[in-house]
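Here's the structure, in structure tokens; my notes come after.
To find a chain, count down the sequence lines: A is the first, B the second, and so on, and within it residues start at 1.
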Amino acid sequence: MATALIDAPASTSAISPLSHIRQLEAESIHILREVASEFQKPVMLYSIGKDSSVMLRLAQKAFYPAPIPFSLLHIDTGYKFREMLEFRDRYTTELGLKLIVWRNEEALANGANPVALGTRRCCGLLKTQALLDGLRAHGFDAAFGGARRDEEKSRAKERIFSFRDSAGQWDPKSQRPELWNLFNGTIHPGESIRVFPLSNWTELDVWHYIHLEKIPIVPLYFAKERRMLVRGDSLIPVEQEFVRGLPGEEQWVRCRLRSLGCSPCTGAIRSDADTVPKIIAELMAMRNSERANRVIDHDQDGSMELKKREGYF
Amino acid sequence: MALHNSAWAIEEDPLLSARDGAEVRVEELLAAERSKDLLRFSTAGSVDDGKSTLIGRLLYDSNNVYDDHVASVTRGSAIDFAQLTDGLRAEREQGITIDVAYRYFSTPKRKFIIADTPGHEQYTRNMATGASTADVAVVLVDARKGILDQTRRHACIAALLGIPAVIAAINKMDLVDFSEEVFEQHRRDLLTLASVLEIPELIAIPVSALAGDNVVHRSTRTPWYSGPSLLELLETIPLAAQRSQGNFRLPVQRVIRPDQDFRGFAGQIASGSVRPGDEIVALPSEVRSRVRSITTWDGDLAEAHAPQSVVLTLDDEADISRGDMIASLSAPPQRTSRLSATVVWMHSSPLRPGTSFLLKHTTQMVRARVVEIRSRIDIERLESLAADRLPLNAIGEILIETHRPLVADLYRENRFTGSFILIDPADNATAGAGMIRAFEGGFRPALSGALVTLGNRSALAHNLEKRLLEQGALVVRTRFSNRDALLPLVLTGATVLHESDNGGAISVIGHGSEVIASDIPDDPDAILGVLDNATHLPSGKHA
């Protein structure tokens with residue numbers, strides 16, 4: 001009754017190397033699984049942007065056929081585009097995900113906005129403070145973020161597992177060395193780790209993946225006629241009461257958003273790109289980085305690094 | 001920072017200016033993009049070698065820098081290339097590079113990830129970090145100074161971390177009047193160094209990062225040099241043997257169990273490839289099975305290979321959990337709790353013998369004790385010295401014992417299953433990075449299970465039982481009539497001695513019902529010999 005088995009011969013044929021984009025995918029999935037397995041209570045920061053959309057798809061893949069074993073956390077500053085929030089609610093419901101929304105209600109009640117406070121203080125209260133409070137309130141010990149190292153110079157030096165002390169702060173001079181694919185996620189109570197599964201992706205990789213995988217994204221990325229405040233080279237979306245221009249500054253412009261943030265502080269670009277391939281074509285011909293239109297990154301020299309030290313993503 | 005316009009020459013492409021053609025053309029470009037391979041290289045240089053300038057120049061001349069970034073580092077009409085890469089405030093204030101930074105760029109031929117690592121002595125740990133995943137190391141040498149201690153340090157770390165090829169950029173050639181003699185002297189010295197360090201391949205290139213000679217474009221000022229520019233070399237240097245060609249290794253990250261009907265083992269394939277039907281062994285339990293499916297979100301796969309992240313399901317119910325390794329049965333890894341390793345020390349308090357750590361290897365964390373420091377490598381003089389401690393940034397050979405056995409390969413055979421980190425249990429810092437050099441034995445692997453049918457030979461059964469017990473094996477001797485019901489016992493690693501009233505032939509059967517040997521003579525030594533061959537995994541007693 002026992003039957004002898006013939007050993008399958010070991011493969012000797014050359015295997016074509018995994019494409020760049022699939023290598024990135026495999027690396028990100030490895031990171032997502034490590035965190036889900038090693039931490040007590042991880043959470044995924046969901047910003048609704050293209051990078052978050054990619055990260056979410058990678059999480060679906062990482063645990064398939066099981067569901068994603070952690071919640072999403074959205075830090076809502078109160079000034080996000082309406083289309084972003086609509087997309088967020090529809091998409092997360094569709095996927096059956098648990099979404100936590102956190103706002104700094106106290107600051108908002110006190111009238112915090114970028115015009116009244118300046119962008120630096122506004123970001124500090126509505127993004128950084130809200131994030132730290134939200135993470136602490138829920139006791140999350142690891143938080144995924146969609147940041148990439150190619151976005152900004154200080155991010156180029158951040159680890160994939162980025163240690164935060166009990167105040168949520170980053171010390172760029174004492175980061176844990178990260179060798180091979182061995183991540184050190186050991187922490188004391190109260191400390192946490194920010195994890196960046198997309199660290200090695202570029203902006204083009206993200207779009208390429210969205211295209212390959214047909215990942216849904218917020219329509220604001222696609223060009224159409226929008227009401228804008230036109231000031232010099234800047235196109236500022238007219239969505240909030242306090243964003244009001246001089247006579248003649250408000251115009252209908254065919255444009256799109258290249259990166260999504262708060263509507264008063266995220267400039268649009270003039271564009272005809274209304275499909276993902278057209279966006280990729282535009283990107284390839286682009287001469288400026290994606291954050292060039294973010295007012296907040298240019299507050300002062302090294303402003304991203306300063307924000308990150310304080311706890312910003 | 002990725003910008004691909006000039007590299008892909010799409011601005012000149014008439015198809016792209018026509019919007020309808022754009023989508024077609026983009027599909028072609030993306031297909032070309034997907035066919036590119038990926039080269040990871042590390043750079044290292046001393047404070048004044050001009051490393052940041054070289055990287056800045058490489059990115060700028062290959063059209064991989066955005067205009068707003070260039071504008072932000074341009075003073076008057078001069079671009080400060082070093083400023084393109086020095087990201088942290090402290091670095092700009094001190095004019096040096098503090099931490100390893102990762103850069104991304106691509107050309108029509110390849111995609112690149114640069115691990116840009118600082119060169120000061122106190123940052124050896126960052127250099128090792130950058131080198132740990134690199135295919136190529138680019139080492140900078142100041143043409144005016146030749147090989148310095150720093151150069152030896154970089155080359156040594158590249159060799160220790162197993163980088164197959166080193167490119168030496170002899171920089172600041174403009175300051176030595178592009179002298180062929182100077183270049184040749186440095187090149188000879190470097191080749192001598194490479195042979196001492198057993199670096200398989202070292203290639204020297206004369207460059208001026210500041211002026212751009214031989215960085216991206218070949219220089220007219222080095223007519224005596226006929227080799228490629230740095231970028232040309234990076235674009236064409238062959239990648240070392242693909243990870244997908246090694247023996248199959250899947251460190252299990254997580255058990256995926258959405259319901260009672262599905263139990264899969266998730267992990268990133270560290271080396272080799274796998275197909276449904278392949279015979280595997282799960283370690284350390286030594287459970288054997290066959291791959292039933294390779295499950296992914298995109299559907300089941302007919303084959304998967306390193307470095308893909310997959311979920312495997314197996315034919316048998318197997319108790320496998322995070323930290324275990326699934327490997328090819330024909331070439332399994334070694335199992336050991338005592339090993340010697342080269343370690344790069346990264347903690348401010350020195351390593352002393354007798355200290356305990358958490359050791360992370362693949363996906364498992366075990367407690368480990370450093371038993372002995374065997375030597376310290378003086379990487380400036382390339383000598384091995386006696387040492388009783390290893391201070392920050394020292395590199396040495398140590399002996400380690402782990403509380404639970406590791407399932408591992410030697411580092412030179414597999415960078416991912418042969419490496420580990422040591423974590424300080426007090427402050428959780430990553431204290432050391434280790435590369436397994438030898439298995440030191442002292443660990444006898446358990447026999448993996450087998451069913452031995454003995455028929456009606458109770459004297460033989462008694463003899464075998466006694467001798468197997470002496471060897472420390474788990475033995476079950478039985479006359480239970482339903483032989484198939486015993487197979488699950490075999491799965492747990494037991495050697496089942498099965499007697500019956502009919503005098504059948506003596507045979508040895510694996511847990512999958514496969515006959516390992518049949519018609520074995522009525523001789524305990526012969527049977528033990530079969531068991532030994534069939535059920536022992538390599539014990540890791542040799543280096």
| request: Please indicate whether A/K41 has more than 12 foreign heavy atoms, meaning atoms of other residues, nucleotides or ligands, lying under 6.0 Å from its NZ. | output: yes

Check whether [X] gets within reach of chain A through its side chain, its backbone, both or neither, counting any heavy atom under 4.5 Å.
| X | result |
| --- | --- |
| B/F416 | side chain |
| B/A426 | backbone |
| B/V310 | backbone |
| B/T295 | side chain |
| B/I269 | neither |
| B/A266 | both |
| B/R110 | neither |

| B/Y104 and A/N200 side chains, donor-acceptor separation under 3.5 Å | yes

| said: Within the 3.5 Å criterion, strictly below it, is a donor on A/H20 or B/E33 matched to an acceptor on the partner's side chain? | reply: no

Do the side chains of [Y] and [X] get nearer than 4.5 Å, heavy atoms only?
| X | Y | answer |
| --- | --- | --- |
| B/V311 | A/R33 | yes |
| B/M346 | A/L179 | yes |
| B/T296 | A/K61 | no |
| A/E178 | B/T133 | no |
| A/E213 | B/D298 | yes |
| A/W180 | B/M435 | yes |
| A/R176 | B/R125 | no |
| B/R322 | A/E34 | yes |

If I measure from the heavy atoms of chain B, does [X] come under 4.5 Å with its side chain, its backbone, both, or neither?
| X | value |
| --- | --- |
| A/D205 | side chain |
| A/H211 | side chain |
| A/A62 | backbone |
| A/E27 | both |

Measuring from atom [atom1] of [X] to atom [atom2] of [Y], what distance do you get when rounded to the nearest 0.5 angstrom?
| X | Y | atom1 | atom2 | answer |
| --- | --- | --- | --- | --- |
| A/S19 | B/L30 | OG | CG | 11.0 Å |
| B/L358 | A/T186 | CG | OG1 | 6.5 Å |
| A/E38 | B/M365 | CD | CE | 5.5 Å |
| B/K111 | A/L24 | NZ | CG | 7.5 Å |
| B/Q253 | A/S37 | CD | OG | 6.5 Å |

Tell me the closest heavy-atom pair linking [X] and [Y], and the distance in Å.
| X | Y | value |
| --- | --- | --- |
| B/P258 | A/P65 | CB-O, 3.7 Å |
| A/P277 | B/V26 | O-CG2, 3.4 Å |
| A/L182 | B/K360 | CD1-O, 3.8 Å |
| B/S309 | A/H30 | OG-N, 3.8 Å |

Who wins among [options] for the most heavy-atom pairs under 4.5 Å with chain A?
| options | result |
| --- | --- |
| B/A433, B/G130, B/S132 | B/S132 |
| B/D259, B/T362, B/I256 | B/I256 |
| B/R257, B/Q268, B/H361 | B/Q268 |

| said: Check this for me, if you would: do B/R103 and A/D150 make a salt bridge, where the nitrogen-to-carboxylate-oxygen distance has to be below 4.0 angstrom? | reply: no

| Do A/F63 and B/W297 have ring centres separated by under 6.0 Å? | no

| Looking at A/R159, A/R22, A/E191, A/H208, which has the largest count of heavy-atom pairs under 4.5 Å with chain B? | A/H208

| message | Checking B/Q308 against A/Q23 for the side chain to side chain contact (heavy atoms under 4.5 Å, CB included) test, could you report, in this order, the C-alpha distance in whole Å, the side-chain angles of both residues, the deciding distance, and whether it holds? | response | CA-CA 7 Å; B/Q308 277 175 285; A/Q23 282 192 45; over 6 Å; no

| note | Result for side-chain contact (heavy atoms from CB on, under 4.5 Å) between A/P177 and one of B/T430, B/I421, B/V100 points to B/T430

